[in-house]
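The block underneath contains the structure these notes are about, expressed in structure tokens.
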2 protein chains.
Amino acid sequence: MKPRHGHISESCRPISEILSLIGDKWTSLIIGRLRGEPLRFNELKRRVDGISQKVLTASLRALVRDGFVERIEYPTVPPSVEYRLTPFGHELAEPLSVLQQFALDNASRMEAARAAYDARTGGEKPGQQKTQLIQPATMP
Amino acid sequence: MKPRHGHISESCRPISEILSLIGDKWTSLIIGRLRGEPLRFNELKRRVDGISQKVLTASLRALVRDGFVERIEYPTVPPSVEYRLTPFGHELAEPLSVLQQFALDNASRMEAARAAYDARTGGEKPGQQKTQLIQPATMP
DNA sequence: CGGAATCCTACACGATACTG
DNA sequence: CAGTATCGTGTAGGATTCCG
């Protein structure tokens, strides 16, 4: 799931790597949930609403591999696995939360800017146009 | 190009949005280049090494739309277009640069963690490997 | 110079089913 | 409970060509 970035000029590859890590659809939310308390797999899945089991598994493994999350397996029955941020993970979580806070604080500004832009450009969306809303005529 | 994120639980959608914005392959690097000085299109393209014209165009438009970048068109001939961070863009760039600095500072730690993980799990499972950095072999 | 239009591929993610 | 396995889809992003 990680290798979204090919090469990039050597010097900034670490940047690309970490940003692709936290920039994917879910990872940053997972980290956010794991601040505060360790969580078990399904509990975490419940709290990160909408995430699929497959993606959660993959994301967690990437985080474990990079040393941000620790996976602790308790030999109980039924099995119980706990995920928690490592100290390294908490170091990452801190500047990350700053960015998240920025996002929350400025969500309305972004939305306003977007609305203004869309009004300016005549309502045409960036990228390709999808002006044809093909409504499927009938649904018997 | 931006709305990679579908719905997500309402409360954290702004987070997802902004993180998908800066988390894509290039946008954060573009913002980094625009700190310090405004740049023209092709100059920016040159400095963000490896980016395609199409993606640069799309990324810039998204940034303009969200209010982080300003596009200034000079009616010269040949045409000249300048991109610069807005004040809002600089606000975003700041926490972002913190994260980038974190990435640079801890690149070796991440790599070490990865190596340790791969050594730990490497001997046994033939399964598919994650996070393989595909080196593109040649840059003619 | 600064894009737009088009084609194409890889991969992130979702849905579903199965397992220890 | 905590995953693994597999298939299908959308789309980000690369390469190329063309335009004012």
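Numbered from 1 within each chain, the chains take letters A, B, ... in sequence-line order.
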To the nearest Å, how far apart are [X] [atom1] and [N] [atom2]?
X: Lys25(A); N: dG10(D); atom1: NZ; atom2: P; value: 13 Å
X: Leu19(B); N: dA12(C); atom1: CG; atom2: C1'; value: 16 Å
X: Glu73(B); N: dG2(C); atom1: CD; atom2: C1'; value: 9 Å
X: Arg61(A); N: dA5(D); atom1: CZ; atom2: C1'; value: 12 Å
X: Leu60(B); N: dG2(C); atom1: CG; atom2: C1'; value: 11 Å
X: Leu56(B); N: dA12(D); atom1: CG; atom2: P; value: 16 Å
X: Leu44(B); N: dG2(C); atom1: CG; atom2: C1'; value: 12 Å
X: Asp24(B); N: dC11(C); atom1: CG; atom2: P; value: 17 Å

Pairs under 3.5 angstrom, nitrogen or oxygen only, protein versus nucleotides 15-20 of chain C, please.
none

Can you measure from [atom1] ([X]) to [atom2] ([Y]) and round to the nearest 0.5 angstrom?
X: Arg47(A); Y: Ile30(A); atom1: CZ; atom2: CD1; value: 14.0 Å
X: Phe102(A); Y: Ser97(A); atom1: CZ; atom2: OG; value: 14.0 Å
X: Trp26(B); Y: Asp24(B); atom1: CH2; atom2: CG; value: 10.0 Å
X: Leu56(B); Y: Phe41(B); atom1: CG; atom2: CZ; value: 4.0 Å
X: Ile22(A); Y: Glu17(A); atom1: CD1; atom2: CD; value: 13.0 Å
X: Arg114(A); Y: Arg120(A); atom1: CZ; atom2: CZ; value: 13.0 Å

Should we count CD of Glu43(A) as having more than 12 external heavy atoms under 6.0 Å?
yes
For Thr86(B) and Glu70(B), work out which heavy atoms get closest and say how close.
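Smallest interatomic distance, heavy atoms only, reads CG2-N, 3.7 Å.
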Is Tyr83(B) close enough to dC1(C) that one of its side-chain N or O atoms is under 4.0 Å from OP1 or OP2 there?
no
Look at the side-chain N and O atoms of Arg40(A) and state whether any lies under 4.0 Å from the OP1 or OP2 oxygen of dG3(D).
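Indeed not, no polar side-chain atom of Arg40(A) lies that close.
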Quantify the bending of the helix from dC1(C)-dG20(D) to dG20(C)-dC1(D) as the angle between its end axes, each fitted on five pairs, to 10°.
50°
What verdict does the side chain to side chain contact (heavy atoms under 4.5 Å, CB included) test give for Ile18(A) and Met110(B), after you've listed the backbone C-alpha separation in whole Å, the side-chain angles of each residue and the deciding distance to 0.1 Å?
CA-CA 9 Å; Ile18(A) 208 166; Met110(B) 285 185 54; 4.2 Å; yes
Between the side chains of Thr57(A) and Gln53(A), does any donor sit under 3.5 Å from an acceptor?
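The answer is yes; a qualifying pair exists.
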Nearest-neighbour nucleotide for the [X] side chain, [options] considered:
X: Ser80(A); options: dA2(D), dG3(C), dC13(C); result: dA2(D)
X: Val55(B); options: dA2(D), dG3(C), dG14(D); result: dG14(D)
X: Thr57(B); options: dG14(C), dG3(C), dA2(D); result: dG3(C)

Residue whose nearest DNA chain D nucleotide is more 5′ - Glu82(A) or Ile51(B):
Glu82(A)
Could you tell me whether Tyr74(B) contacts a base, only the sugar-phosphate backbone, or nothing, with contacts defined as non-hydrogen atoms closer than 4.0 Å?
nothing
